[in-house]
Colleague: 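Before I ask anything, let me first share the structure, which is written out below as structure tokens.
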Protein chains: 2
Amino acid sequence: MRLHGYFRSSAAYRVRIALNLKGVSAEHAFRHLRKGEHRAADYLAMNPQGLVPTLELDNGALLTQSLAIVEWLDETHPTPALLPADPLQRARVRAVALAIACETHPLQNLRILGWVRELCGEEAAQAWAKRVNAEGLAACEKLIANEPGPFCFGAQPTLADICIIPQLGNARRFGVDLSGFPRLLQAEAACKALPAFADAAPEKQGDAE
Amino acid sequence: MRLHGYFRSSAAYRVRIALNLKGVSAEHAFRHLRKGEHRAADYLAMNPQGLVPTLELDNGALLTQSLAIVEWLDETHPTPALLPADPLQRARVRAVALAIACETHPLQNLRILGWVRELCGEEAAQAWAKRVNAEGLAACEKLIANEPGPFCFGAQPTLADICIIPQLGNARRFGVDLSGFPRLLQAEAACKALPAFADAAPEKQGDAE
């Protein structure tokens with residue numbers, strides 16, 4: 001299979017982590033977002049949203065949307081599980097993942113910051129991104145406050161950690177003070193000690209700048 | 001169980017549809033978003049994001065994030081299934097749902113339109129909302145173009161329809177021309193013929209204005 005991504009894309013980063021946790025190898029095809037390569041006709045034919053990542057399977061099937069890809073990986077390669085077995089806990093893990101994937105990440109990606117910048121300038125775009133990250137992570141900190149560590153939900157990484165770790169990187173880039181999020185930082189430290197997370201980091205990718 | 005929602009919230013609307021499709025009855029608690037009732041301390045204690053919906057189970061457990069709630073419903077009440085059995089088709093259904101839930105709905109909800117309005121005024125907010133809806137739905141139209149109808153994915157409604165139908169309502173409110181989306185409109189017609197969808201519509205809710 002081949003993963004179409006970009007080193008700095010949080011959504012591609014999530015899929016890289018999941019592939020590594022599952023021990024599934026993929027070729028990497030790079031789509032340079034700042035150069036607009038995700039808006040090229042050949043890429044839009046694969047991914048009508050013009051977003052990374054896209055996972056291209058060996059049979060030619062094209063999977064889009066990082067969380068759909070990670071759920072597919074978890075269903076087709078069940079070990080190690082990325083979601084708990086209990087439905088209620090699965091819902092809690094998915095809620096944290098979705099709090100990042102719905103109300104945090106898409107509000108501060110290149111596309112939307114470009115819109116804000118065009119309307120109101122760079123300073124407004126930076127303040128917008130900082131606020132989005134701070135509010136999204138603050139909610140996640142509360143959502144896992146009563147869960148055992150060191151990961152977001154106990155002794156193993158889950159889909160929640162897969163979404164939180166890339167977002168913490170974004171938050172730092174936008175200058176968010178993370179000191180109020182001790183549980184998220186605890187989960188990050190546990191994740192970063194695992195090669196599956198460390199090897200998926202943006203700076204380790206072939207297209208890193 | 002009790003669903004905390006708001007008649008016009010797309011995310012609450014999704015959960016209402018799913019409950020109806022599953023034949024699961026729930027009390028409805030109304031949180032008036034325009035009056036800020038989702039920002040009240042008692043509600044933030046239930047839902048740290050301050051978003052609707054929240055599903056409160058009889059044992060006191062609190063579920064947040066509409067897609068996590070719908071997946072929980074599908075796992076605990078398997079019939080009728082809201083996702084296909086085949087992993088690849090599940091991924092495709094989830095991708096459409098996420099294209100709405102990640103890059104469309106949260107970019108045009110009350111919270112974010114409030115930010116845009118504050119920065120640039122009402123006209124900019126309306127144009128922003130229209131663009132978000134048009135781009136999100138255009139991508140979904142392409143994602144299902146080769147799928148059999150009448151629903152988004154064949155003969156039964158899925159999680160994709162559950163997300164598409166409320167979003168089409170938003171798009172109309174913002175004046176989006178839907179004539180370029182024949183497959184979405186076909187799915188909508190099929191859904192609206194089902195009481196599970198019709199009864200979940202905003203105008204049928206106890207808090208509708």
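Note that the structure is predicted; figures quoted are calculated from it, not measured. Just so it is clear: chains get the letters A, B, ... in the order the sequence lines come, proteins before strands, and each one is counted from 1.
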Colleague: What part of T76(A) is in contact with chain B, defined as an atom under 4.5 angstrom from a non-hydrogen atom: side chain, backbone, both or neither?
Modeller: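 Contact with chain B is through the side chain of T76(A) alone.
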Colleague: Heavy atoms only, distances under 4.5 angstrom: which of L44(B), L88(B), L67(B) has the most pairs with chain A? Name it, please.
Modeller: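 The candidate making the most pairs under 4.5 Å is L88(B).
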Colleague: Measuring heavy-atom distances to chain B, does A91(A) have an atom under 4.5 Å in its side chain, in its backbone, in both, or in neither?
Modeller: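 When you check distances to chain B, atoms from both the backbone and side chain of A91(A) fall under 4.5 Å.
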Colleague: For the candidates L107(A), V96(A), L143(A), which exhibits the highest count of non-hydrogen atom pairs separated by less than 4.5 Å from chain B?
Modeller: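 Heavy-atom pairs under 4.5 Å are most numerous for L107(A).
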Colleague: So for L51(A), is it side chain, backbone, both, or neither that comes closer than 4.5 Å to the heavy atoms of chain B?
Modeller: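 Side chain only.
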Colleague: For E123(A), does the CD atom sit with more than 12 other heavy atoms under 6.0 Å from it, leaving out its own atoms?
Modeller: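 No, the 6.0 Å shell around CD holds no more than 12 heavy atoms from other groups.
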Colleague: Given heavy-atom pairs under 4.5 angstrom as the criterion, report whether the side chain, backbone, both or neither of E135(A) touches chain B.
Modeller: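 It is the side chain, since no backbone atom gets that close.
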Colleague: Got a salt bridge between E71(A) and R90(B), using NZ or NE/NH1/NH2 to carboxylate O under 4.0 Å?
Modeller: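 No salt bridge links E71(A) with R90(B).
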Colleague: Look up atom OG1 in T64(B) and atom CZ in R94(A), then write down how far apart they are to the nearest 0.5 Å.
Modeller: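 If I round to the nearest 0.5 Å, the distance is 13.0 Å.
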Colleague: Among S66(A), A138(A), G50(A), P87(A), which residue forms the greatest number of heavy-atom pairs with chain B at distances under 4.5 Å?
Modeller: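 Top count of heavy-atom pairs under 4.5 Å with chain B: P87(A).
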Colleague: Can you name the nearest heavy-atom pair linking L98(A) to A68(B), along with the distance?
Modeller: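 Distance-wise, the nearest heavy atoms are CD1-N, 3.5 Å.
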Colleague: Only pairs of heavy atoms separated by less than 4.5 Å count here; which of C102(B), A139(B), A101(B), C120(B) has the most with chain A?
Modeller: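 Answer, by heavy-atom pair count under 4.5 Å with chain A: C102(B).
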Colleague: Considering only heavy atoms, which portion of L63(A) lies under 4.5 Å from any heavy atom of chain B: side chain, backbone, both, or neither?
Modeller: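 Contact with chain B: side chain only.
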Colleague: side-chain hydrogen bond (donor to acceptor under 3.5 Å, both in side chains) with E103(B): which of Q65(A), H105(A), R111(A)?
Modeller: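 It is Q65(A), the one option of Q65(A), H105(A), R111(A) that forms the side-chain hydrogen bond (donor to acceptor under 3.5 Å, both in side chains) with E103(B).
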Colleague: Is it true that, when you exclude E122(A) itself, more than 12 heavy atoms of the residues, nucleotides or ligands shown sit nearer than 6.0 Å to its CD?
Modeller: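 Counting neighbours around CD of E122(A), more than 12 heavy atoms of other residues, nucleotides or ligands fall under 6.0 Å, so yes.
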Colleague: Under a 4.5 Å heavy-atom cut-off, does chain B meet the side chain of V132(A), its backbone, both or neither?
Modeller: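 Both backbone and side chain of V132(A) come within 4.5 Å of chain B.
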Colleague: Does a sphere of radius 6.0 Å around CG in N146(A) hold more than 12 heavy atoms from other residues, nucleotides or ligands, not counting ones at 6.0 Å or beyond?
Modeller: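 No, because the 6.0 Å sphere around CG of N146(A) holds 12 heavy atoms or fewer from other groups.
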Colleague: Is chain B contacted by the side chain of L57(A), its backbone, both, or neither, given a heavy-atom distance below 4.5 Å?
Modeller: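 When you check distances to chain B, only side chain atoms of L57(A) fall under 4.5 Å.
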Colleague: Check each atom of E75(B) against the heavy atoms of chain A and say whether the ones under 4.5 Å are side chain, backbone, both or neither.
Modeller: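 The side chain, not the backbone.
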Colleague: How are the rings of W128(A) and W115(B) set to each other: parallel, tilted or perpendicular (split at 30° and 60°)?
Modeller: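 The arrangement is perpendicular - the two ring planes meet at more than 60°.
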